[in-house]
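Since the structure comes first, as structure tokens, the remarks are kept for the end.
We number each residue from 1, following the sequence as shown.
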Amino acid sequence: MWSRKRSTLDVSYLNLRLCIGVLGVALPFILRIGSAIFPPDPYSVSAYYYSAMRNILVASLCVLGIFLLTYQGYDKLDSRITNICGAATIGVALFPTSNPGFKPTWVGHVHPIVAGIALAGQALMALQFTQSAPRNGTARWLDDVKRLLRALVFRYAQRVYDEHGKKLIRNRIYSACAWLIIIGVVLALAQNFWPDSVKAETQWLFWFESLSIASFGFAWLVKGETLFKDAAAPDQAVPIETIPTQAVPVDATAAGGAAPDAPFPAT
């Protein structure tokens with residue numbers, strides 16, 4: 001593995017990931033704080049469109065969608081997932097959830113479609129983060145599906161983890177975040193069938209949606225190296241595979257060995 005100083009482009013890329021992560025994690029809390037100041041509390045994240053926090057919700061979703069559209073990942077598959085998810089996220093803002101006072105009514109029917117696409121894309125992105133290298137150009141779509149399913153059960157492609165690396169830890173976090181996104185979606189769907197008495201206890205849909213959104217944001221914070229960052233490496237490093245397993249000590253001459261500037265022995 002080569003190490004090098006980070007360029008301005010690298011830093012900007014990490015900042016983009018940081019912004020996506022912060023937006024994802026903070027959005028549910030910002031909406032909740034806003035509804036505490038300007039009640040009432042809507043039953044779902046999407047329902048905040050019809051509250052005093054409408055502008056915050058729409059602006060946050062549009063900015064998040066634009067960030068995802070501008071993000072370029074390892075390969076075309078990464079870009080396709082983020083582009084679709086970014087477009088769907090903007091769609092969630094432009095096509096609000098159904099409300100008796102909102103016209104035209106067909107807009108409310110589009111909302112669950114784009115919201116479902118956005119949430120599915122978020123889970124796929126978390127699993128894509130487990131990639132350690134660009135996608136093989138000869139890989140078929142079935143290979144990608146198998147890789148993503150393996151990541152979902154915490155199994156990853158073999159690679160060498162050096163003593164400073166935390167890639168395996170990050171991969172497990174990505175998989176856990178994907179599961180939390182899926183669980184949040186499943187519970188959000190399930191609560192539609194709960195008795196009204198149970199629904200009246202709290203805004204279940206809001207909390208389940210928030211679980212998915214915050215998990216998505218947390219995965220991006222880890223991807224942006226805000227959390228669980230690898231230990232710093234020297235600015236100039238030699239590829240690990242070129243370092244011989246047995247090196248001649250500096251004081252070898254004193255011991256009757258080769259001169260200090262002699263080449264390393266073949267291994």
* Please name the pair of heavy atoms, one in A123 and one in I182, separated by the smallest distance, quoted to 0.1 Å. => CB-CG1, 4.3 Å
* T70 side chain to F67 backbone, donor-acceptor under 3.5 Å -> yes
* With side chains defined as the heavy atoms from C-beta onward, is the minimum distance between D78 and Q131 less than 4.5 Å? -> yes
* Approximate separation, where rounding is to 0.5 Å, of E209 CD and L31 CG -> 10.5 Å
* L23: which of V63, L61, L18 passes side-chain contact (heavy atoms from CB on, under 4.5 Å) -> V63
* Answer yes or no on whether R170 is positioned over the face of F129, meaning its NZ or CZ is under 6.0 Å from the six-membered ring centre and within 45° of the axis. => no
* Over 12 foreign heavy atoms within 6.0 Å of CZ, F228 -> no
* To do: Could you label the plane-to-plane angle of the F102 and Y49 rings as parallel, tilted or perpendicular, counting under 30° as parallel and over 60° as perpendicular?
  => perpendicular
* Asked: Considering the options L180, L64, L27, which one meets the side-chain contact (heavy atoms from CB on, under 4.5 Å) requirement together with F216?
  -> L64
* Nearest 0.5 Å, what's the CD1-CD1 distance between I169 and I173? -> 7.0 Å
* Counting heavy atoms not belonging to R54, are there more than 12 under 6.0 Å from its CZ? -> yes
* To do: For the pair K146 and D143, find out whether any cationic side-chain nitrogen is under 4.0 Å from an anionic carboxylate oxygen.
  => no
* Can you check ring-ring contact (aromatic ring centres under 6.0 Å, His included) on Y71 and W220, steps first, answer last? -> CA-CA 12 Å; Y71 180 81; W220 277 91; 4.9 Å; yes
* **Heavy-atom side-chain contact between Y50 and P42 under 4.5 Å** => no
* Counting only heavy atoms not in K76, do more than 12 fall under 6.0 Å of its NZ? -> no
* Going by heavy atoms in the side chains, are Y48 and I56 under 4.5 Å from each other? -> no
* Verdict with supporting geometry, Y156 and S175, side-chain hydrogen bond (donor to acceptor under 3.5 Å, both in side chains) -> CA-CA 10 Å; Y156 316 105; S175 297; 2.8 Å; yes
